[in-house]
Amino acid sequence: MTALHTTGVQVVAVGASEHRPLIITLFSVFVVATLGITVWAGRQTKDATDFYAGGRSFSGFQNGLAISGDYMSAASFLGIAGSIALVGYDGFLYSIGFLVAWLVALLLVAEPLRNSGRFTMADALAFRLRQRPVRTAAGISTIVVSIFYLLAQMVGAGALVALLLGITGEGPRRLIVILVGVVMVLYVTIGGMKGTTWVQMVKAVLLIGGTLLITFLVFAKFNWNLSSLLGAAAEKSGKGAAFLEPGLKYGVTATSKIDFISLGLALVLGTAGLPHILIRFYTVPTARAARTSVNWAIGIIGCFYLMTIALGFGAAALLTPETITTSNAAGNTAAPLLAQEIGGGADSTGGAILLAVISAVAFATILAVVAGLTLASSSSFAHDLYANVIRKGTASEKEEVAAAKIAAVAIGAVAILLGIFAGKLNIAFLVALAFAVAASANLPTLLYSLFWKRFNTTGALWSIYGGLITSVFLVVFSPVVSGKETAMFPGVDFHWFPLENPGIISIPVGFLLGVVGTLLSKPEEDADRKYAELEVRSLTGAGAH
Amino acid sequence: MDPARPSASSGPPSADSYAEVQASAEFAQLRRSYRSFAFPLTVAFITWYLLYVLLSNYAGGFMDTKVVGHINVALVFGLAQFATTFGIAVWYSRHANAKLDSRADAIKARLEGPGTRGADDTDDTESTEATA
């Protein structure tokens with residue numbers, strides 16, 4: 001059986017390179033079409049509100065679709081499918097955590113944020129605190145979280161190209177990483193939030209369509225019977241029933257079990273602290289529309305994550321583990337490989353077409369997400385760091401938007417450089433790290449700021465910097481960065497922190513430091529009146545932008 | 001139940017008017033109606049989710065139990081997380097539509113005064129006050 005499937009691996013690679021023109025054509029069509037939309041949107045982008053918040057002109061449904069497009073990243077599509085395909089049930093935790101997390105955004109964050117902020121996450125955080133220090137902290141944290149997340153998408157883009165071009169060389173991988181970086185900068189600098197939002201909507205429709213198609217074909221193959229799909233996956237994985245049970249990846253040792261809890265916490269608390277998601281709430285006119293958009297997002301994203309069962313277990317049932325890991329060690333190409341297999345295999349036209357379609361969808365996914373991330377981080381740089389901290393409020397709107405565009409180019413360059421150096425990590429897992437940083441550094445201050453009257457500037461700074469430094473520090477000394485074969489620097493070993501995800505330590509640290517910092521310092525001047533304004537405004541929308 | 005009216009009839013609400021509104025019984029009711037719903041529900045769904053995570057970790061025997069065919073308790077538990085997420089989203093939105101929006105609109109309209117946000121808001125105020 002093993003010999004037979006080893007031949008299968010080679011067929012996959014050859015088949016992929018033969019149908020390269022089709023894949024490249026589809027991908028080019030998407031890039032050209034979305035750039036067209038971006039130019040059109042750019043013509044309507046006149047002032048800062050247009051650039052940062054799309055003129056607040058989108059409907060709840062449109063924004064819900066765009067949120068889905070912004071959120072369902074390469075981590076969801078490629079990473080989760082790959083994780084489930086390789087470690088079975090444990091990979092499914094990502095789907096559940098990524099979805100449940102939306103309730104935090106719906107119940108506690110979306111509406112008050114929409115009412116109290118203007119353009120960036122820091123607007124809400126700094127509302128009743130000292131502007132300059134809090135904006136500096138929130139701006140830094142926004143940029144760090146976005147760059148972690150960007151890195152994950154860049155790795156995904158690089159992983160795809162090896163499959164698409166049928167070669168595993170570093171050259172083509174780098175080329176694609178650079179291409180993605182250039183296109184995302186074009187989206188943001190030309191189209192601003194309007195252009196980015198439309199790209200995300202188009203992508204969401206494509207991703208849902210592509211995933212529905214694969215799900216349909218997988219289930220048709222297994223007589224619409226979930227149990228037989230799971231049975232086939234368990235058998236082909238070589239792990240038997242254990243493949244369908246929790247613990248294959250995380251149940252091995254007491255440490256890995258704690259890692260699982262850490263990951264679970266980061267996933268559920270991270271979403272509502274992701275700057276690129278938070279700024280999407282400013283694109284609708286009212287808090288009610290923000291609520292509607294989260295509801296649509298929960299519906300769309302939930303359906304998508306349910307379909308990751310078909311993608312992941314389908315890949316496990318129809319491909320061998322060797323096929324998946326030969327193509328990409330972390331499993332990131334399992335979904336496109338599944339598409340090829342289900343279309344009729346590597347030698348068939350059907351397989352080639354499906355592989356091309358799904359790969360193009362994956363590229364679209366990556367492009368839309370990186371555009372959102374670039375917009376969030378460059379907005380924060382321009383609006384928080386440049387306009388409010390460096391220029392102390394003297395910059396004109398035009399200067400601010402110009403600064404955002406320059407920042408977008410710089411962030412694109414950083415993302416390209418990082419993407420070139422990190423090729424082997426699983427994407428879902430990299431994104432989980434971004435979630436851990438967001439949950440540790442951003443969420444505590446956001447919640448305290450909205451709901452705790454006594455909260456002050458010192459508490460915010462302790463919480464943001466404390467959460468940020470703790471989570472990044474622990475990641476640096478974790479097995480993700482050094483000491484493992486799949487680490488970022490596999491040749492050296494300076495790790496001492498045993499967990500891959502820092503959330504279980506850094507999230508409580510972030511929350512705790514917010515309390516300690518606040519209680520050890522004096523209340524904010526005029527705290528009662530400022531909190532009255534924030535509270536009334538966040539609950540009623542009175543005076544909101 | 002006589003909320004404070006801002007002295008200025010147009011322009012953004014002043015800091016004083018926010019404080020007055022915050023102290024009003026009407027606002028207290030809106031806040032209670034929001035917090036008493038959202039806060040316990042947040043605790044509940046996070047507990048429910050953590051229960052799932054902990055059971056996956058430490059109750060292997062239970063989670064591995066087969067329900068139908070190859071479908072085990074772990075998968076059913078995972079799918080139940082989807083169901084509760086959809087359910088809570090719908091539940092909260094119904095609560096907000098029924099209990100929060102009209103109150104919030106009424107307070108907002110009074111604070112911002114007539115003429116600050118165009119004719120639409122004035123119409124809203126009248127209709128919400130009539131139905132409230």
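Residue numbering restarts at 1 for every chain, and letters A, B, ... go by the order of the sequence lines.
For Tyr34(B), the part lying near chain A is the side chain, with the backbone staying farther off; criterion is any non-hydrogen pair under 4.5 Å. Contacts of Leu534(A) with chain B are absent, with no heavy-atom separation under 4.5 Å from either backbone or side chain. No part of Ala234(A) comes within reach of chain B, as not one of its non-hydrogen atoms sits under 4.5 angstrom from that chain. Proximity to chain B (any heavy atom under 4.5 Å) is shown, for Leu306(A), by both the backbone and the side chain. In this structure, the portions of Arg31(B) lying under 4.5 Å from any heavy atom of chain A include both its backbone and its side chain. Neither the backbone nor the side chain of Ala23(B) comes within contact range of chain A; no heavy atom of the residue lies under 4.5 Å from a heavy atom of that chain. Contact of Leu55(B) with chain A is not made at all, since no heavy-atom distance falls under 4.5 Å.
Using cut-offs of 30° and 60° on the angle between ring planes, the pair Phe39(B) and Phe451(A) is perpendicular. Taking the six-membered ring where the residue is Trp, Phe435(A) and Phe98(A) present tilted rings, their angle falling between 30° and 60°.
With respect to chain A, the highest number of heavy-atom pairs below 4.5 Å among Ile71(B), Val53(B), Ile107(B), Asp64(B) belongs to Asp64(B). Note on Ile96(A), Leu103(A), Leu230(A): by heavy-atom pairs under 4.5 Å with chain B, the leading option is Leu103(A). Ranked by heavy-atom pairs under 4.5 Å with chain A, the first of Asn57(B), Leu50(B), Leu41(B) is Asn57(B). Counting heavy-atom pairs closer than 4.5 Å to chain B, the top-ranked of the candidates Asn225(A), Ile261(A), Leu265(A), Asp528(A) is Ile261(A). Across Leu226(A), Ile258(A), Leu108(A), the residue that shares the most heavy-atom pairs under 4.5 angstrom with chain B is Leu108(A). Ranked by non-hydrogen atom pairs under 4.5 Å with chain A, the options Gly69(B), Ala89(B), Ala19(B) are led by Ala89(B).
Side-chain contact of Ser116(A) with Ser538(A): a donor-acceptor pair under 3.5 Å is absent, judged by distance alone. At a cut-off of 3.5 Å, with distance as the only test, no side-chain donor of Tyr89(A) or Ser56(B) sits close to an acceptor on the other residue. The closest side-chain donor-acceptor pair between Asn97(B) and Arg291(A) falls under 3.5 angstrom. At a cut-off of 3.5 Å, with distance as the only test, no side-chain donor of Ser83(A) or Tyr94(A) sits close to an acceptor on the other residue. Thr271(A) and Trp102(A) form no side-chain donor-acceptor contact under 3.5 Å, judged by distance and modelled atom types alone.
The distance between the ring centers of Phe37(B) and Trp91(B) falls below 6.0 angstrom.
Checking side-chain atoms of Thr308(A) against main-chain N and O of Leu311(A) turns up no donor-acceptor pair under 3.5 Å.
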